[in-house]
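Numbers restart at 1 for each chain; the letters A, B, ... are given by sequence-line order, proteins then strands.
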Amino acid sequence: MIKTRPISLNEIARRRVYVFGLMGITTILLGLKWISAMPTEANCLAKVVMTALFLLTSAWISLFFFSSLFGFWELFRKRNVPGIEWMDPKTELSTKTAILMPVYNENPSSVFANLLAMAKSLVQTGQAKHYDIFVLSDTTNPKAWVLEEEMWNQARQLMPQEINLYYRRRPKNVARKSGNIEDFCHKWGALYDFMVVLDADSLLNGSTVLAMSQLMEANPDTGIIQAPPMCIKSSSLFSRIQQFAGRVYGPIVAAGLAYWQINDSNYWGHNAIIRVKAFIECCGLPILTGRKPFGGHILSHDFVEAALIRRGGWKAWLLPELGGSYEECPPTMIDFAVRDRRWCQGNMQHLKILISKHLHPVSRIHFTIGVMSYLSSPLWLSFLVLGMLVALGHEYFPPEYFQKEQTLFPIWPIFDEIGTIALFITSMFMLIFPKFLGVIIYIKNNKSSQIGGVFGTLKSLIAEILFSALVAPIMMVFQSKFVWEIFTGQDAGWNTQNRGGSTSWAEAYHRHINHTLLGIITSVVVWLYINPLFYWILPVTLGLMFSIPISVFSSKEKVGLWAKKHKWFVIPEEVKLPEVAKQADDYSKQLSQSKYLGVLALVHDAYLLEVHNAMLEINGPMPDFGKEVVENAKIKLDNYLNYQKQPDFSREEEISLLYQPEVMREANLALELEA
Amino acid sequence: MVKIVVRTAEEIIRAYLKGMGLTKGDCLSALLAGYPKLQDEKNSGHGVIDMLDDIVAKAAKQLFGASSQTQLIALYKIAYLELNGAKKWGVAPLLPNYHNAEYEAEMRQKLLIQAPKYHFSDMPVQEFVAYKPSLIHKIFGKKDND
């Protein structure tokens, strides 16, 4: 059992003063050094802008650095987050928790396999009867919809008796995931004390879920508890490197955040437990005024919900010590960027909320961190471009040694090369040193055989740093483009996250050709005109120039598995897969899919058809597709039944048929008659 | 509706029963004996299907209570198929005045529950009120009592 540690308000304030004070002092010192190191002949405006950009980016890396430093210290001393009351794991629950799995065109067999594994793990705690599971579908693909129902039907029969597995699909996915959860709260929220919110790839140990419910019971003023998720089950090189980085550095980052956030923490949208009452009272999200992408429904709802819960007087915790909380990494750099595009828009939307009244100051910091996660990229890019322009200016507009006013000596331009190098080294140190601290904890807490040996870890650390250095400029350009798109009014839409597959050369060319050209042109310009800077700019241009092969190579599963075989980027969860993940794999094999898809799967299977029909009432009425769509769908189905012509239903046509049980039943009967 | 190539009422009933796992020949005759109207020559193919649906819905209503016809038919067929009703009870449960406590208990226990009954809660929409530039306003703006 984890020991409860008290904390006073003064102590919380002191921790924040330490982190932000150090951040402030470091930023000021770096800023002063920067001002003294800047080339004196640079244009005044350029100096001001560069200084502002430098201060913003320095503050950003300083916060990350000091937060990680304190996180390391907490982990090194094995101290858990203070201020929250822990319970004996054997304590019987007196509350009911709903486990919510919102899905949107995901792979249903993996979703239900994960839920079955979690349920089985919960049964092992002996307290499974206090849980129900809801699959809340916003799926718009009719084939995926039918498949979800098929998998749900199989899963409910495999589900342990103590746990109910429910399913409903919304005909219209208003407000996306937040609307989906809100719909649950509106219809069934009153039946439950707490809800554990998952993502399609989430996996939680039963003991973790139980501990979260117990913590909620023991701390009645708590609104949210976030269990930081860890990436597992990666196979491509890109996702394995992400997984390694998350496993090694993630703990000190999370412990660092928990160190200064205490009970004002954030919510990351999944792998968290929420008090339903608090959520219902505080988290009805408004539609933001103005046009998309800033206006409309709130996309990154999680930060906003945490802020609202905090505004309502409830506490929010990030508890790294919970453990047993897993997710999957995007398999390729392009998938990572696609997800980033969505998150970027969501975070930029927060600019509007950030300045609203009555928010807790720490909530404002969360919003700022979220915004800066993306805004820092165009800031860095602007800083680099401006720096190069100043250098180019130096080449083309030589300094004036003798100005109008007569002076005894010429005015020598001053450029503090040593100072600039010192600043560069300091910045690099602040970015990289926390990674080494993460490794110390990683090696300290895991057996050598579990992590591919100490040497394996160290070589992986170096490789990860090099790989990050190559990928960082690509992501910088990606994110700068995203920010630009958002500020010029382009909406991201809602795409399903890809959770498998690799990047083809054609796709990589399409996505990265601009990065490649930017890298080549910059290198050529720097080589020709500001030659002394060529090697300094190489870490940035190298990644850009080779972005296409890097993207393709890192997306390959074969490469990832080869690296695993040779003990690169090994994490303990790869050496010994967590039991819950192993169970999920086993269940995934048990869940079988019918020969046909969508409407055809139903007309060929009377039982499945009735399962589908039984769900219609809870799913709600058919959206209005118009008479033409409905009639076309019936004609195509007729042609299939009577002339065996494969139907080419549009999405609307197929969905319209799925909402017409009489038509589907007759189609099934027609097939029975033919048999 | 889907066009069904002209068939006899018997063929339609046989296909309908087959969908419930009732493939034995005596099922058809038993059902026709219980519901002679099914053989009415005036019946269209759709008419026969509607009558069969009514029979199933009625049997379902006795077990599961009031709900829409679509829902009742679906719930009944699911429970019946999952319990292998064709083998256990044959067509008998669909015939008028059928009573069997064991059948009723088993069918009720197999009732598919997609989600709990609604317990509505209202989530009040939260407001975000932006700060006005109050300091500038205080210095340069007109005061209300001016």
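Of the two parts of A:His358, only the backbone, made up of N, CA, C and O, holds a non-hydrogen atom closer than 4.5 Å to a non-hydrogen atom of chain B. Proximity to chain B is absent for every atom of A:Phe184, based on heavy atoms less than 4.5 angstrom apart. Proximity to chain B (any heavy atom under 4.5 Å) is shown, for A:Phe279, by both the backbone and the side chain. Neither the backbone nor the side chain of A:Val276 comes within less than 4.5 Å of any heavy atom of chain B. Heavy atoms closer than 4.5 Å to chain B are found in the side chain of A:Ile298, but not in its backbone. In this structure, the portion of A:Leu285 lying under 4.5 Å from any heavy atom of chain B is its backbone and not its side chain.
Taking every heavy atom of both residues into account, B:Glu11 and A:Leu673 meet most closely at O-CD2, 3.4 Å. Considering every non-hydrogen atom in both A:Glu617 and B:Ser68, the closest pair reads OE1-OG, 3.0 Å. Taking every heavy atom of both residues into account, A:Asn613 and B:Ala74 meet most closely at CB-CB, 3.9 Å. The minimum heavy-atom distance linking B:His119 with A:Ala190 is given by the pair O-CB, 3.6 Å. Between A:Ile618 and B:Tyr118 the shortest heavy-atom distance is O-OH, 3.6 Å. When every heavy atom of A:Trp152 is checked against every heavy atom of B:Ile113, the shortest pair comes out as CZ2-O, 4.1 Å.
Ranked by heavy-atom pairs under 4.5 Å with chain A, the first of B:Met20, B:Gln69, B:Gln71, B:Glu127 is B:Gln71. Taking chain B as the reference chain and counting heavy-atom pairs below 4.5 Å, the highest number among A:Lys357, A:Glu672, A:Gln660 is found for A:Lys357. By number of non-hydrogen pairs under 4.5 angstrom with chain A, the leading residue of B:Met123, B:Lys117, B:Lys77, B:Arg14 is B:Met123. Ranked by heavy-atom pairs shorter than 4.5 Å toward chain B, the options A:Cys282, A:Pro661, A:Ala606 are led by A:Cys282. The residue among B:Leu112, B:Asp122, B:Leu75 with the most heavy atom pairs within less than 4.5 Å of chain A is B:Leu112.
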Criterion side-chain contact (heavy atoms from CB on, under 4.5 Å) on B:Thr70 and A:Glu662, from CA distance to verdict:
CA-CA 8 Å; B:Thr70 303; A:Glu662 293 82 11; 3.6 Å; yes
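B:Pro116 is listed as a side-chain neighbour of A:Tyr192, based on a closest heavy-atom distance under 4.5 Å. For the pair B:Val129 and A:Ser356, the minimum side-chain heavy-atom distance is 4.5 Å or more.
The CD atom of B:Gln114 lies 9.5 Å from the CG atom of A:Leu616; values are rounded to the nearest 0.5 Å. Separation of atoms CZ (A:Arg311) and CZ (B:Phe128) is listed at 5.5 Å; rounding is to 0.5 Å. Here A:Glu182 contributes atom CD and B:Ser121 contributes atom OG; the two are 11.0 Å apart, rounded to the nearest 0.5 Å.
Every residue meeting the side chain to side chain donor-acceptor pair (under 3.5 Å) condition with A:Thr139, not counting sequence neighbours, appears here in chain and number order: A:Ser137, A:Glu148. Judged as a side chain to side chain donor-acceptor pair (under 3.5 Å), and not counting sequence neighbours, the contacts of A:Arg156 are A:Asn153, B:Glu82.
Other residues, nucleotides and ligands contribute over 12 non-hydrogen atoms within 6.0 Å of the NZ atom of B:Lys88. Summarising the local packing, NZ of A:Lys96 is surrounded by more than 12 heavy atoms from other residues, nucleotides or ligands at distances under 6.0 Å.
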